[in-house]
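Reviewing the structure listed below.
Quick caveat, the model's predicted, so the values are computed rather than measured.
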Amino acid sequence: MYRKLSIFVFFCLLIFTSFGTVLADSESSFQDLLAQLRSEGRIPEKSGSIIKFSEFSDELASIGNYSWFPVTEADNFVLSSKVSWESGNDHPNSAQAGCGFIFGADPVKNYHLMASIRMDGTVYVSGVNQTGNIQYGNNYYGLYSVQGTADFTLVVNDMDVYVYIDGKPIMDRHGIYKYGTSVGPAVLSGSNWKFGNRCTWTDTFLFTF
């Protein structure tokens with residue numbers, strides 16, 4: 001489910017040219033993350049640009065569905081955020097409830113990819129194309145939790161996709177076709193009760209290369 005929202009306060013924020021700015025703690029941590037990814041060969045040794053986004057929160061009470069909207073364009077990138085989630089139900093469908101990011105998206109056709117962290121303690125990479133729902137599998141990162149916070153990092157380098165949780169590599173997939181360049185937040189709902197699922201993104205940085 002794709003909804004067009006005008007909440008672009010999430011995205012019109014601070015733009016930096018790479019590596020030439022006195023950095024706050026969160027920005028310095030992001031530079032350290034980029035250095036780690038370069039040393040691991042996940043991203044190339046070349047410069048790019050960094051955008052810092054303001055804090056953003058969204059919620060959805062529609063079991064088995066998710067909402068998303070495009071907020072920027074990026075092809076090859078590192079997207080890192082401290083993601084927090086909270087369920088309005090003590091017993092949601094935890095495999096469907098979570099928070100994430102849409103990427104490689106074509107909003108006109110509603111084709112997209114999504115990397116998400118879910119309340120069942122699992123990271124998923126999935127999407128939608130002309131054939132319907134597509135699944136690239138899932139890996140466990142931790143324990144079941146209806147409320148929590150994690151450092152979520154998504155790396156997209158050509159057709160390679162990597163997901164890190166709290167600085168640790170959790171999932172990688174290769175040969176993934178992208179349908180566009182739109183990127184944005186996603187809320188996955190596992191309950192119709194109260195607010196369903198609420199997601200908050202803070203300390204969000206995007207490095208494009």
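In this structure, Ile170 and Tyr164 have side chains that are not in contact, with every pair of non-hydrogen atoms separated by 4.5 Å or more. Side-chain contact between Thr200 and Val83 is absent, with no heavy atoms from C-beta onward closer than 4.5 Å. Side-chain contact between Ser26 and Lys52 is present, with at least one heavy-atom pair separated by less than 4.5 Å. Leu113 is not listed as a side-chain neighbour of Ile102, based on a closest heavy-atom distance of 4.5 Å or more. Side-chain contact between Val155 and Leu37: present, with at least one pair of heavy atoms (C-beta onward) separated by less than 4.5 Å. With contacts defined as side-chain heavy-atom distances shorter than 4.5 Å, the pair Trp201/Asp58 qualifies. Val78 has its side chain out of reach of Leu206: every pair of non-hydrogen atoms, C-beta onward, lies at least 4.5 Å apart.
With rounding to the nearest 0.5 angstrom, the CG atom of Asn197 is 9.5 Å from the OG atom of Ser67. Atoms CE and OG, from Met114 and Ser126 in turn, are 3.5 Å apart once rounded to the nearest 0.5 Å. Taken to the nearest 0.5 Å, the OG atom of Ser29 stands 11.5 Å off from the CD atom of Gln36. Once rounded to the nearest 0.5 Å, the distance linking CD1 of Ile117 with CE of Met171 reads 12.5 Å.
Cluster annotation: Tyr177 is connected to Phe77 through the hydrophobic network of ILVMFWY side chains, with a link wherever side-chain heavy atoms come within less than 4.5 Å. In the hydrophobic clustering of ILVMFWY residues, with side-chain heavy atoms under 4.5 Å counting as a link, Val187 and Phe56 come out together. Hydrophobic clustering (side-chain heavy atoms under 4.5 Å, transitive across Ile, Leu, Val, Met, Phe, Trp, Tyr) groups Val161 together with Ile165.
Looking only at distances, a side-chain donor or acceptor of Ser81 sits under 3.5 Å from a matching main-chain atom of Thr202. The main-chain N or O of Arg42 is found under 3.5 Å from a side-chain atom of Asn157 such that the two form a donor-acceptor pair. With hydrogens and angles disregarded, a donor-acceptor distance shorter than 3.5 Å links the side chain of Ser189 to the backbone of Ser62. The main-chain N or O of Val108 is found under 3.5 Å from a side-chain atom of Asp106 such that the two form a donor-acceptor pair.
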Dump the intermediate steps for side chain to side chain donor-acceptor pair (under 3.5 Å) on Gln130 and Tyr179, then the final yes or no.
-> CA-CA 10 Å; Gln130 67 275 11; Tyr179 307 97; 5.4 Å; no
Run the ring pair (Phe, Tyr, Trp, His ring centres under 6.0 Å) check on Tyr162 and His174 step by step: do they pass? CA-CA 9 Å; Tyr162 307 92; His174 307 279; 5.7 Å; yes
**Q.** Candidate pair Val125 and Val163, rule side chain to side chain contact (heavy atoms under 4.5 Å, CB included), full reasoning
**A.** CA-CA 9 Å; Val125 174; Val163 180; 4.3 Å; yes
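Taking every heavy atom of both residues into account, Pro70 and Pro107 meet most closely at CG-CG, 3.8 Å. Counting all heavy atoms, side chain and backbone alike, Arg118 lies closest to Ser94 at CB-O, 3.8 Å. Among all heavy-atom pairs drawn from Pro92 and Met119, the shortest one is CG-SD, 4.0 Å. Between Asp203 and Phe205, the shortest heavy-atom distance links the atoms O-CD1, 3.4 Å. Listed here is the closest heavy atom pair of Asn192 and Ile63: OD1-N, 2.8 Å. Residues Leu188 and Ser116 share a closest heavy-atom pair of CD1-CB, 3.8 Å.
Applying the disulfide (SG to SG under 2.5 Å) test to residues at least two apart or on different chains, none of the pairs has a partner in residues 117-168. Counting only residues at least two apart or in different chains, disulfide (SG to SG under 2.5 Å) contacts with residues 86-131 comprise Cys99-Cys199. Listed by first and then second residue, the disulfide (SG to SG under 2.5 Å) pairs involving residues 30-72 amount to none (not counting sequence neighbours). Each salt bridge (charged side-chain N to carboxylate O under 4.0 Å, His left out) pair with one or both residues in residues 62-78, not counting sequence neighbours, appears once here: Asp75-Lys178. Each side-chain hydrogen bond (donor to acceptor under 3.5 Å, both in side chains) pair with one or both residues in residues 131-144, not counting sequence neighbours, appears once here: Asn129-Thr131. The disulfide (SG to SG under 2.5 Å) analysis of residues 28-61, with sequence neighbours excluded, yields no pairs.
Under the ring pair (Phe, Tyr, Trp, His ring centres under 6.0 Å) criterion, Phe209 pairs with Phe207, sequence neighbours left out. For Thr122, the side-chain hydrogen bond (donor to acceptor under 3.5 Å, both in side chains) partners are Asp120, not counting sequence neighbours. For Asp32, there are no side-chain hydrogen bond (donor to acceptor under 3.5 Å, both in side chains) partners two or more places apart in sequence or in a different chain. By the ring pair (Phe, Tyr, Trp, His ring centres under 6.0 Å) test, Tyr124 is found to be paired with no residue, residues two or more places apart in sequence or in another chain being considered. Qualifying side-chain hydrogen bond (donor to acceptor under 3.5 Å, both in side chains) partners for Arg198, counting only residues two or more places apart in sequence or in other chains: Glu59, Glu86.
Aromatic ring orientation, His112 versus Trp68: tilted (interplanar angle from 30° to 60°).
A donor and an acceptor atom, one from each side chain of Gln31 and Glu27, are nowhere located under 3.5 Å apart. Side chains of Ser49 and Thr208: a donor on one and an acceptor on the other come within 3.5 Å.
For an aromatic pair to be called close, the ring centres must be under 6.0 Å apart, and Tyr66 with Phe101 fails this.
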Contacts table for residues 146-154: side-chain donor-acceptor under 3.5 angstrom, sequence neighbours left out:
{"residue": "Thr149", "atom": "OG1", "partner": "Ser84", "partner atom": "OG", "Å": "2.8"}
{"residue": "Asp151", "atom": "OD1", "partner": "Lys82", "partner atom": "NZ", "Å": "2.8"}
{"residue": "Thr153", "atom": "OG1", "partner": "Ser80", "partner atom": "OG", "Å": "3.3"}

